[in-house]
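Notes follow once the structure below has been shown.
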Amino acid sequence: MNVHDSEKMLGVLQEEYSRTGDPRKADLIIFNTCSIRQKAEQKFYSELGSIKSYKKGRPDMKIGVAGCIAQHSGKNILRRAPYVDFVLGPQNIHKISDMVSEKAAPFALEDNSEIAIKDLPVKRTDGLKAWVTIMYGCNNFCSYCIVPYTRGRERSRYSENIYSEVVELADNGYKEITLLGQNVNSYRSDTDFPGLLRKLNRVGGIERIRFVTSHPRDLSDELITAISELPKVCRHIHLPMQAGSSRILRLMNRGYTYEEYIKKVAMLREKVPGISVTSDIIAGFPGETENDHQLTINSLKEIKFDGIFAFKYSKRPGTRAAGMQDHLKDEIKSERLNEILKIQDEITTKKNKLLEGTTQEILLEGESETDKGKLTGRTRTNKIVHIPKIDIKKGTLIKVEITKGRRHSLEGII
Ligand code: 5AD
Ligand code: SF4
């Protein structure tokens, strides 16, 4: 979400500014911040401190803070770092140009009810894969999460506007789009999310359609049918479970039990054979007992996700969970996180090994970042595949045979 917001900032500023690789030479530095966990905030404040010296002898240099920390901390940022020139929240990107030129006030933190109606210009650089926002904000108020407070209420873009953006991307050679929203399943404008997928599936030139993130509570039969029927919609779903204990899920205000969650996964796997399912897990939510934690461990063994992102619970000011009893010691959270990661690593490796000998279609993304002698692509199920270098253009769909399954990637031959 933030990477794409940065593309929008670049879009709004593209008349006046171009990108530099060296922040010391920049006329303008913008931090697009994340406040999902405390660690992200700490990183930002240490970076912000380290660029203070850049301004010495460069009185014209401007520094702005955007994103969720900006929204949440507002004027406190200036108290900590008086050399910051402007602060704007994620709903005020459209104002960034006026803020830089001092035509607008240095703080833009208000709610923007038009965010879903007025589209911003986007400056993308990839040429192959594009993020496309379909909705803003979140209404779920999971008890641990700060997002509803920083990104505001849910608002969906009109499907026609999304459609035109995707057609333009296809005209410019883009092959893959990823639809973005905190909870894409509750997308609703002139059509619902399955309807939007059906509409976008018709855009010629686009080969693959992905989407993040899906909330398990709102995963409907219609969506599962759409994934199974629409050839461009990729067989991968990121479906954050958060915990394997129904008691903890209730405290998290997730709106489903573990039993309901596994039923949805079973249905997905039945109706969409070969679908990969990935998830997010939080270790050490307030009041989580050893028994609750073991339920999460058992759930990983039972479900066998293709991959997970796991995090230690992080207390976010102003959220309901922050005020709950029995916050766990960092040590216990770390132990539980490590156990979760270890179990899942074994499962992911095993699942990837099962793919050895199979044929997969990959979209070539270019040279491998780690090995210049190899090319990288992704399967429809979103697994990374490295193949020996051959003379084929980036953006081509090719069939490869998987020769080796590893923890984080696969190897293959054309
Ligand atoms: N602490 C830890 N993890 C969190 N997430 C959201 N808020 C918190 C928090 N306070 C995780 C959830 C979510 C992912 C994007 O970040 O797992 O799915
Ligand atoms: Fe946060 Fe829950 Fe909304 Fe996701 S669905 S952004 S975890 S409140």
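Every number for a ligand or one of its atoms is a count from 1 in the order of the listing. Only a predicted model underlies this, so the values are computations on that prediction, with no experimental measurement involved.
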Only one of N183, L239, V184 passes side-chain contact (heavy atoms from CB on, under 4.5 Å) with H215, and that residue is N183

Starting from atom 1 (Fe) of ligand 2, which protein heavy atom do you reach first, and at what distance in Å? C145 SG, 2.3 Å

With a heavy-atom distance limit of 4.0 Å, tell me whether Q242 approaches ligand 1 through its side chain, its backbone, both, or neither. side chain

Not counting sequence neighbours, which residues clear ring-ring contact (aromatic ring centres under 6.0 Å, His included) with Y136? List them please. none

Atom 5 (S) of ligand 2 has as its nearest protein heavy atom N140 ND2, 3.4 Å

What atoms of ligand 2 come within less than 4.0 Å of a heavy atom belonging to P148? 8 (S)

Suppose I only count heavy atoms of I282 and a 4.0 Å limit; which atoms of ligand 1 are within that range? 3 (N), 4 (C), 12 (C), 17 (O)

Is it the case that the side chain of N253 and the backbone of F141 share a donor-acceptor pair, with hydrogens and angles ignored and the cut-off at 3.5 Å? yes

Under the 3.5 angstrom rule, does the side chain of K232 hit a backbone N or O of I206 as a donor-acceptor pair? yes

May I ask you to test the T381-D306 pair for a side-chain heavy-atom distance under 4.5 Å? no

Location of contacts on Y144 toward ligand 1, heavy atoms closer than 4.0 Å: both

If you scan protein heavy atoms around atom 2 (C) of ligand 1, the nearest is K312 O, 3.3 Å

Relative to the heavy atoms of Y313, which atoms of ligand 1 are at a distance of less than 4.0 Å? 1 (N), 2 (C)

Candidates R208, R378, K399 - the one meeting salt bridge (Lys or Arg N to Asp or Glu O under 4.0 Å) with E361: R208

Who's the nearest protein heavy-atom neighbour of atom 3 (Fe) of ligand 2, and how far? C138 SG, 2.3 Å

Side chain, backbone, both or neither: Y144 near ligand 2, heavy atoms under 4.0 Å: side chain

Say whether, by atom type as modelled, one donor and one acceptor occur between the side chain of K25 and the main chain of T20 under 3.5 angstrom. no

Atom 5 (N) of ligand 1: of R37, H215, Q182, the nearest heavy atom sits on R37

Of the protein's non-hydrogen atoms, which lies at the shortest distance from atom 4 (Fe) of ligand 2, and what is that distance? Q182 O, 4.4 Å

Contact between ligand 2 and R151 is defined here as a heavy atom of the residue under 4.0 Å from a ligand atom; is it met? no

Heavy-atom distances under 4.0 Å decide this one: backbone, side chain, both or neither, for P240 against ligand 2? neither

For the residue pair H4 and E7, confirm or rule out a side-chain donor-acceptor distance under 3.5 Å. yes

Do you see a donor-acceptor pair shorter than 3.5 Å between the side chains of T278 and H238? yes

Give a yes or no on whether the backbone of Y83 and the side-chain of K52 come within a donor-acceptor separation of less than 3.5 Å. no

For atom 9 (C) of ligand 1, find the nearest protein heavy atom and state the residue, atom name and distance (0.1 Å precision). S314 O, 3.6 Å

Answer yes or no for C142: is there an N/O/S atom below the 2.8 Å cut-off from atom 2 (Fe) of ligand 2? yes

What are the atoms of ligand 1, with element, lying closer than 4.0 Å to any heavy atom of R316? 10 (N)

Atom 15 (C) of ligand 1: nearest protein contact (heavy atom, Å): D280 OD2, 3.8 Å

Given R407, R406, K383, H408, the one that forms side-chain contact (heavy atoms from CB on, under 4.5 Å) with N352: K383

Derivation of the side chain to side chain contact (heavy atoms under 4.5 Å, CB included) call for D280 and Q242: CA-CA 5 Å; D280 291 345; Q242 313 297 3; 3.9 Å; yes

Would you mind listing which atoms of ligand 2 come within a distance below 4.0 Å of any non-hydrogen atom of F141? 8 (S)

